[in-house]
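Each chain gets a letter, A, B and so on, in the order the sequences are listed, and its residues count up from 1. Everything numeric in this text was worked out from a predicted model, so none of it was measured.
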2 protein chains.
Amino acid sequence: MGTDSWIPPKVLVAVDLLIFTLRASQLQVLLVERGVEPFRGALALPGGFLNSSEEDLIDAAQRELAEETGLSWDQVRLDQLGVYGAPGRDPRGRVISVAYLAIMPRLPEPVAGTDAADAWWIPTHRALAPETSLAFDHRQILIDGVERARSQLEHSALATAFCGPMFTISELREVYEVVWDIRLDPRNFYRKVQSVPGFIEPAGPSRKTDKGRPARLFRPGPRQALDPPMTRPGERR
Amino acid sequence: MGTDSWIPPKVLVAVDLLIFTLRASQLQVLLVERGVEPFRGALALPGGFLNSSEEDLIDAAQRELAEETGLSWDQVRLDQLGVYGAPGRDPRGRVISVAYLAIMPRLPEPVAGTDAADAWWIPTHRALAPETSLAFDHRQILIDGVERARSQLEHSALATAFCGPMFTISELREVYEVVWDIRLDPRNFYRKVQSVPGFIEPAGPSRKTDKGRPARLFRPGPRQALDPPMTRPGERR
DNA sequence: TGAATAGTGTCTTTCAGACAGTATTAG
DNA sequence: CTAATACTGTCTGAAAGACACTATTCA
């Protein structure tokens, strides 16, 4: 349209990571303190620009994930959350950012990042509190990511990603209770979760201890899409 | 990391549109014939590059939508489907494409595009048939878009977007039947759809004619998220 | 022993699906 | 009238939620 001399603009492309985990019975997100302008000193999602014109987006996300957490490829599933590309979102110029969602199993240690001495787990409710200011449009990305995680618990086996390779049904129930911010009946949950084919599988006759009677251990099953879905109470009606 | 002289790469950004509608009891998608290389002569999704560094992504999508269909802003809802940015997807160089999903009401006329004498409605099953070749990775985008539309029918009021401002419950049912490719019991659907609060509202005492008894007219209700959701049969168990 | 958590059985309510039957139009 | 579609009523089976009960551990 118009003259032949028009040339489409090129823009910078970044990837940002929403890394969620469960700590202290809270949904927490990994945030870094920015060491450079803009937003120096503010909290932000870990991320960065593409390394080269040949780097795939998902590869860039996995590279950032490895840099921040030490976890690499096939240990953590990355889901594309969306693109954030409003013209004014980065004061340095036009940058569009592709956000990825990652879930990490509950870990007792702080972060254990490689070059991430400036990274912390922050409860999402605190990260989203009015007094916390996040760089760029990362507050909106975080809001969208929490909502995505909540939704994914219903229809996918995402919840098991919050647990280790072995877990009890109580631990799995805590994932739902924390992310959805509700209480679930342990007995109904117990049977419900086992009735979904392929969701979880018994993991040997082993057991585990905590406070009362030892619980059976399970591992994630083969199914990614849950059918029938886990129904979120309070959403109905 | 590394030297200070490293400069992140800039890439071209495109928007591509998945425009769906219902025609002849089929889910159809608007495709254009490419007039230039690469993929000259092949079918492709309508789309194009950002106009300028200051253009917002959604604005670019709406601009393309207006160019292809004449429909503008607030007439059609656009949902971001995702980013497609594999390094080799465009032979011209690195291009990442943001795909948007749009639903248009059923229209009797062909296309009525402005500059789109080379645009056609194609049934999705034909566009996805092995003998049809689509440019770039547009086949994958189409696959993802169809799946997104199917999923959205369950949890959102997207189905009403396929209808005009007034519709009968039979027309709404046809949307579900076509997109999900199933048959639904008209009587159960009739009550189910009215029991979801805010989904549809009676639109005056008016009526409409087709073949048998005239049907009441409805209009879209205020709710975007459906609760309880419409359940897709065949998905359960 | 009691406290705490794991796991089972069972009842009730709710809702999706099946389907008979009535209402209103065109021909 | 018949054919066709719109709409209503009712039954049934499956699943969600409530909750009593038993099992197994620790202190």
Side-chain angles (χ1 to χ4, degrees), chain A residues 25 153-155 159 163 166-178 180 182-219 226-237, chain B residues 25 153-155 159 163 166-178 180-197 199-219 226-237:
Chain A
S25 291
L153 284 199
E154 295 186 77
H155 312 288
C163 305
M166 309 273 252
F167 50 86
T168 68
I169 290 191
S170 289
E171 290 169 347
L172 187 61
R173 174 167 50 86
E174 195 196 7
V175 173
Y176 281 90
E177 291 184 331
V178 165
W180 284 349
I182 52 165
R183 302 295 294 176
L184 294 171
D185 185 297
R187 301 158 293 188
N188 292 334
F189 183 87
Y190 190 92
R191 270 172 306 114
K192 166 68 183 184
V193 80
Q194 289 191 91
S195 75
V196 179
F199 187 12
I200 59 172
E201 296 175 339
S206 7
R207 287 163 187 255
K208 204 180 178 184
T209 175
D210 212 21
K211 195 69 161 299
R213 167 179 175 176
R216 298 181 197 147
L217 287 173
F218 294 82
R219 67 171 142 256
L226 295 192
D227 186 28
M230 302 293 292
T231 46
R232 168 156 47 160
E235 185 182 311
R236 339 198 111 263
R237 188 118 333 204
Chain B
S25 291
L153 284 199
E154 294 187 79
H155 312 288
C163 305
M166 308 274 252
F167 50 87
T168 67
I169 290 191
S170 289
E171 290 168 346
L172 187 61
R173 174 167 50 85
E174 194 195 6
V175 173
Y176 281 90
E177 292 185 331
V178 166
W180 283 349
D181 193 23
I182 52 166
R183 302 296 294 174
L184 293 172
D185 185 297
R187 300 159 294 188
N188 292 334
F189 183 86
Y190 190 92
R191 272 174 303 114
K192 166 69 183 183
V193 81
Q194 289 190 93
S195 75
V196 179
F199 187 12
I200 60 173
E201 296 176 338
S206 7
R207 284 159 189 259
K208 204 180 178 183
T209 175
D210 213 20
K211 197 70 162 299
R213 169 178 173 178
R216 297 181 198 147
L217 287 173
F218 293 82
R219 65 170 142 256
L226 296 192
D227 185 28
M230 303 293 292
T231 46
R232 169 157 45 161
E235 184 181 315
R236 342 197 106 262
R237 187 107 335 197

Whole-Å distance, A:Arg207 CZ to D:dA23 C1', equals 10 Å
State whether A:Lys211 places a side-chain N or O below 4.0 Å from either non-bridging phosphate oxygen (OP1 or OP2) of D:dT25.
no
Specify the separation, in whole Å, of atom OH of A:Tyr190 and atom P of D:dG17.
19 Å
Rounding to a whole Å, what distance do you find between A:Arg183:CZ and D:dG17:P?
15 Å
Interatomic distance where NZ belongs to B:Lys208 and P belongs to C:dA26 [whole Å]:
16 Å
C:dG7 P sits how many Å from A:Arg173 CZ, rounded?
11 Å
Please state whether the phosphate of D:dA15, meaning OP1 or OP2, lies under 4.0 angstrom from any side-chain nitrogen or oxygen of A:Thr231.
no
Between the side-chain atoms of A:Asn188 and the base atoms of D:dA18, is any donor-acceptor pair under 3.5 Å?
yes
Over how many whole Å does the gap from A:Leu217 atom CG to C:dA6 atom P extend?
12 Å
Look at the aromatic rings of A:Phe199 and A:Tyr176 and report parallel, tilted or perpendicular, splitting at 30° and 60°.
perpendicular
I'd like to know if B:Arg187 reaches the base of C:dA20 with its side chain such that a donor and an acceptor end up less than 3.5 angstrom apart.
yes
The residue, A:Gly212 or A:Ile169, whose nearest nucleotide of DNA chain C is more 5′ is A:Gly212
Just so I know, are the side chains of B:Glu154 and A:His155 near enough to count as touching, which here means a heavy-atom distance under 4.5 Å?
no
Which part of the nucleic acid, if any, lies within reach of A:Ser170 when heavy atoms closer than 4.0 Å are counted: base, sugar-phosphate only, or nothing?
sugar-phosphate
At under 4.0 Å, does any side-chain N or O of A:Arg191 touch on OP1 or OP2 of D:dC19?
no
Give the rounded distance in Å between these two atoms: CG of B:Asp185 and P of C:dC15.
18 Å
Would you indicate, yes or no, if D:dA15 has its OP1 or OP2 atom less than 4.0 angstrom from a side-chain nitrogen or oxygen of A:Ser195?
no
Beyond-backbone contact of A:Pro233 with A:Leu184, side-chain heavy atoms, under 4.5 angstrom
yes
B:Phe189 has an atom CZ; how far is it from atom P of C:dC19, in whole Å?
20 Å
Establish whether the base of D:dA3 is bridged to the side chain of B:Arg213 by a donor-acceptor pair shorter than 3.5 Å.
no
Dump the intermediate steps for side-chain contact (heavy atoms from CB on, under 4.5 Å) on B:Phe189 and B:Glu177, then the final yes or no.
CA-CA 11 Å; B:Phe189 183 86; B:Glu177 292 185 331; over 6 Å; no
Which heavy atom of A:Pro202 sits nearest a heavy atom of A:Arg219, and at what distance?
O-NH2, 3.7 Å
